[in-house]
Amino acid sequence: MEEKKELLTMNHISKHFSAAVIALDDVEFRLNRGEIHALLGENGAGKSTLIKVLTGVEERTAGTVLLEGNEIYPKSPQEAQQAGISTVYQEVNLCPNLSVAENIYIGREPVKGGRIDWKTINANAAALLKKFDLDISVTRTLDSYSVAIQQMIAIARACDISARVLILDEPTSSLSTAEVEKLFEIMKKLKSQGMGIVFVTHFLDQVYEVCDRITVLRNGKYVGTYETEHLPRVELVGKMLGKDYDKLNAVTASDDGSREDGEILVEMDHVSGLGTIEDFDLTLRRGEVLGLSGLLGSGRSETARLIFGVDQVEKGQLKMKGKKAALKTPLDAIREGVAFCPENRKTEGIIGDLSIRDNIILALQAKKGMFAAITRQEAERIADEYIEKLEIKTPSRDQLIKNLSGGNQQKVILARWLATDPDLLMLDEPTRGIDIGTKAEIQKIVVDLARKGMSVLFISSEIDEMLRCCKRMVVLRNLKKVTELKGQEISEGEIMRYIAGGEANEKVE
């Protein structure tokens, strides 16, 4: 077997933000040519800081970075790009108002006769994208296309500027299964051409599907590098957590079944919304965790948005606590005792430049109204209570929320809604993009809240966590309810069958 040539070598990398804050402590990372290498660890493990050091966003305190044996010291992402290192982030960092072709060639436009040569730009952009099996109009603006296509465009751009190292930072979080498979095809093609790919993800299934090796970081330190095929998943999780993998298995749904005798809190009778769900029936009782399962765009988030008053009911009837509810705005829903943690915490959840304290009291202040201001003392009491209850890792309630890890940001949003003392808590992908340990904590919180009588509408793309938390599941497809499963009827095979459009008697391989 031919030994692969080492492409990127990071030796003894340290990054100190202060004497007390050490983000990286003597970290190692090695990437071969023609390799897909997973960089894994919990939130706060140091993955993002290592990438920032490599791409010139942060200056390293100590250590060396070698690219094909030559030391590099990029002072900016542009310098890193010139050296052959490109990064594609989960949130595509291109210009949505510019055309696809402009995004690909921005900053390096060909010139003819003293003017930008648009004909050449458009022709070259179309030819480049065809190499990635993308036959789209390059003159349309970037925001005309889905996140998946935007990511492919970003990858194509990275390859066109002669990248030798491609960093993919959580690229699959917002993609459908088909889009993920397409991305993997592209990654394997680039690998076969000799490119080294660093793959940062929280999806372990994807790691084992596409990665050759795995490097694990924990608490800013290097744990080890392993051949994927020789590292069992349980051992991998143990290395990431630094403990035995027993936390998730300890989370189980409430033993009282689906609370069939509980008071009906929410009832949707043949509800349809404009451009959302169609002819939808749903019943949610007090003290149960009801799961909504389906692919992206199946109607899961749309159902929650209707209940929260973001979108409007066009047909049918929505009842809350037995009475018809006219929820025209989210404030109407909040006053009815509804809380909603949206899917995208960055754009729809946190207010980055506000403190943890201010983020926590936002919804409660809205519920009380502008003429019943929450005092500073009361706000601090509420913040401290939920920081302790939810074990939010922060040096202070006054810390800006944008400085927290994704998992701790998610806990702050959860605290915001729990502070309103809701009857119904709706969670849309509450554990997306956060580490395994924090996932377990949030799942346990959900189950405990239901045991205390709160109703929870739980939306997740991860079927295994739905199975842990829910005793009743509604499966959606194409904006319609396909079936409802409860108790022993719920299994991964059964859910997958209905999502795929199969019947109950079909065999799932």
Original post:
Is it true that the side chains of Thr431 and Gln410 contain a donor and an acceptor less than 3.5 Å apart?
Top reply: no
**OP:** Report the relative orientation of the aromatic rings in Phe199 and Phe184; use parallel for angles under 30°, tilted for 30 to 60°, perpendicular for over 60°.
**Re:** perpendicular
Original post:
Any ion pair linking Asp428 and Arg300 (charged N to carboxylate O, less than 4.0 Å)?
Top reply: no
Original post:
Does the side chain of Leu54 come within less than 4.5 Å of Phe29's, by heavy atoms?
Top reply: no
Subject >> Residue Lys480 excluded, over 12 heavy atoms near NZ under 6.0 Å >> reply: no
Original post:
Measuring from Gln365:CD to Ile382:CD1, what's the distance to the nearest 0.5 Å?
Top reply: 9.5 Å
Subject >> Full working for salt bridge (charged side-chain N to carboxylate O under 4.0 Å, His left out) between Lys411 and Glu391 >> reply: CA-CA 8 Å; Lys411 287 183 179 181; Glu391 299 181 11; 5.3 Å; no
**OP:** With rounding to the nearest 0.5 Å, note down the distance linking CD1 in Ile360 to CD in Glu380.
**Re:** 11.5 Å
Original post:
In this structure, are over 12 heavy atoms from other groups packed under 6.0 Å from Lys189 atom NZ?
Top reply: yes
Original post:
Considering all heavy atoms of both residues, which atom of Glu336 and which atom of Lys321 are nearest to each other, and what is their separation?
Top reply: O-NZ, 3.6 Å
Subject >> Charged N-O contact under 4.0 Å between Glu288 and Lys471 >> reply: no
Original post:
Which value, rounded to the nearest 0.5 Å, describes the distance between Leu24 atom CG and Lys47 atom NZ?
Top reply: 11.5 Å
Original post:
What are the two closest non-hydrogen atoms of Ile350 and Arg416, and how far apart are they?
Top reply: CA-NH2, 4.1 Å
Subject >> Cationic N near anionic O, under 4.0 Å, Lys452 to Asp448 >> reply: no
Original post:
Is a side-chain N or O of Arg285 found less than 3.5 angstrom from the main chain of Leu265, in a donor-acceptor match?
Top reply: no
Original post:
Given side chains that start at C-beta, do those of Thr228 and Tyr208 come closer than 4.5 Å, heavy atoms only?
Top reply: yes
Subject >> Derivation of the side-chain hydrogen bond (donor to acceptor under 3.5 Å, both in side chains) call for Glu465 and Ser460 >> reply: CA-CA 8 Å; Glu465 79 173 347; Ser460 175; 2.5 Å; yes
Subject >> Worked check of side chain to side chain contact (heavy atoms under 4.5 Å, CB included) between Leu306 and Ile277 >> reply: CA-CA 9 Å; Leu306 274 175; Ile277 55 175; 3.4 Å; yes
Subject >> Ile490 and Leu467: CA distance, side-chain angles, deciding distance, side chain to side chain contact (heavy atoms under 4.5 Å, CB included) verdict >> reply: CA-CA 7 Å; Ile490 303 175; Leu467 296 175; 3.2 Å; yes
Original post:
Can you tell if the side chain of Ile351 reaches within under 4.5 Å of the side chain of Ile401, non-hydrogen atoms only?
Top reply: no
Original post:
Arg381 and Glu378: which non-hydrogen atoms are nearest, and at how many Å?
Top reply: NH2-OE2, 2.8 Å
Original post:
Is a donor on one side and an acceptor on the other found under 3.5 Å between the side chain of Lys324 and the backbone of Lys319?
Top reply: no
Subject >> Candidate pair Glu35 and Lys191, rule salt bridge (charged side-chain N to carboxylate O under 4.0 Å, His left out), full reasoning >> reply: CA-CA 6 Å; Glu35 173 187 44; Lys191 168 187 166 180; over 6 Å; no
Subject >> Backbone of Gln317 reached by a side-chain donor or acceptor of Asp269 within 3.5 Å >> reply: no
Original post:
Do you know the tightest heavy-atom contact between Ile307 and Ala333?
Top reply: O-CB, 3.9 Å
Subject >> Steps toward side chain to side chain contact (heavy atoms under 4.5 Å, CB included) verdict (Val198, Leu168) >> reply: CA-CA 6 Å; Val198 182; Leu168 299 177; over 6 Å; no
Original post:
Between Leu424 and Trp417, is any pair of side-chain heavy atoms under 4.5 Å apart?
Top reply: no
**OP:** Just do the salt bridge (charged side-chain N to carboxylate O under 4.0 Å, His left out) check on Arg357 and Asp398 with the steps written out, would you?
**Re:** CA-CA 6 Å; Arg357 178 193 63 246; Asp398 296 315; 2.3 Å; yes
Original post:
How many angstroms lie between atom CD of Glu179 and atom CD1 of Ile149, to the nearest 0.5 angstrom?
Top reply: 7.5 Å
Original post:
Shortest non-hydrogen contact from Lys367 to Arg335?
Top reply: O-NE, 4.1 Å
**OP:** Taking Asn408 for its side chain and Leu404 for its backbone only, find out whether a donor-acceptor pair lies under 3.5 Å.
**Re:** no
**OP:** Just do the salt bridge (charged side-chain N to carboxylate O under 4.0 Å, His left out) check on Lys15 and Asp25 with the steps written out, would you?
**Re:** CA-CA 7 Å; Lys15 174 61 184 176; Asp25 185 8; over 6 Å; no
Subject >> Within-4.5 Å side-chain heavy-atom neighbours: Met473 and Lys486 >> reply: no
Subject >> Pairwise side-chain contact, Leu485 with Glu494, heavy-atom cut-off 4.5 Å (strictly under) >> reply: yes
Subject >> Under 3.5 Å: donor-acceptor pair, side chain of Gln312, backbone of Gly309 >> reply: yes
Original post:
When you look at NZ of Lys368, are more than 12 heavy atoms from neighbouring residues, nucleotides or ligands closer to it than 6.0 Å?
Top reply: no
Subject >> 4.5 Å side-chain heavy-atom contact, Thr276 and Arg305 >> reply: no
**OP:** To the nearest 0.5 angstrom, please state how far the OG atom of Ser355 sits from the CD1 atom of Ile361.
**Re:** 8.0 Å
**OP:** Measure across Leu217 and Tyr222 and return the closest heavy-atom pair with its distance rounded to 0.1 Å.
**Re:** CD2-CA, 3.9 Å
**OP:** Please round to the nearest 0.5 Å and tell me the distance separating atom CG of Leu31 and atom OG1 of Thr215.
**Re:** 9.0 Å
Subject >> From CA spacing to verdict: side chain to side chain contact (heavy atoms under 4.5 Å, CB included), Phe340, Ile334 >> reply: CA-CA 9 Å; Phe340 181 32; Ile334 292 170; over 6 Å; no
Original post:
Hey, does Ser293 have a side-chain heavy atom less than 4.5 Å from the side chain of Leu476?
Top reply: no
Original post:
Between the main-chain N or O of Arg468 and the side-chain N or O of Gln443, is there a donor-acceptor pair closer than 3.5 Å?
Top reply: no
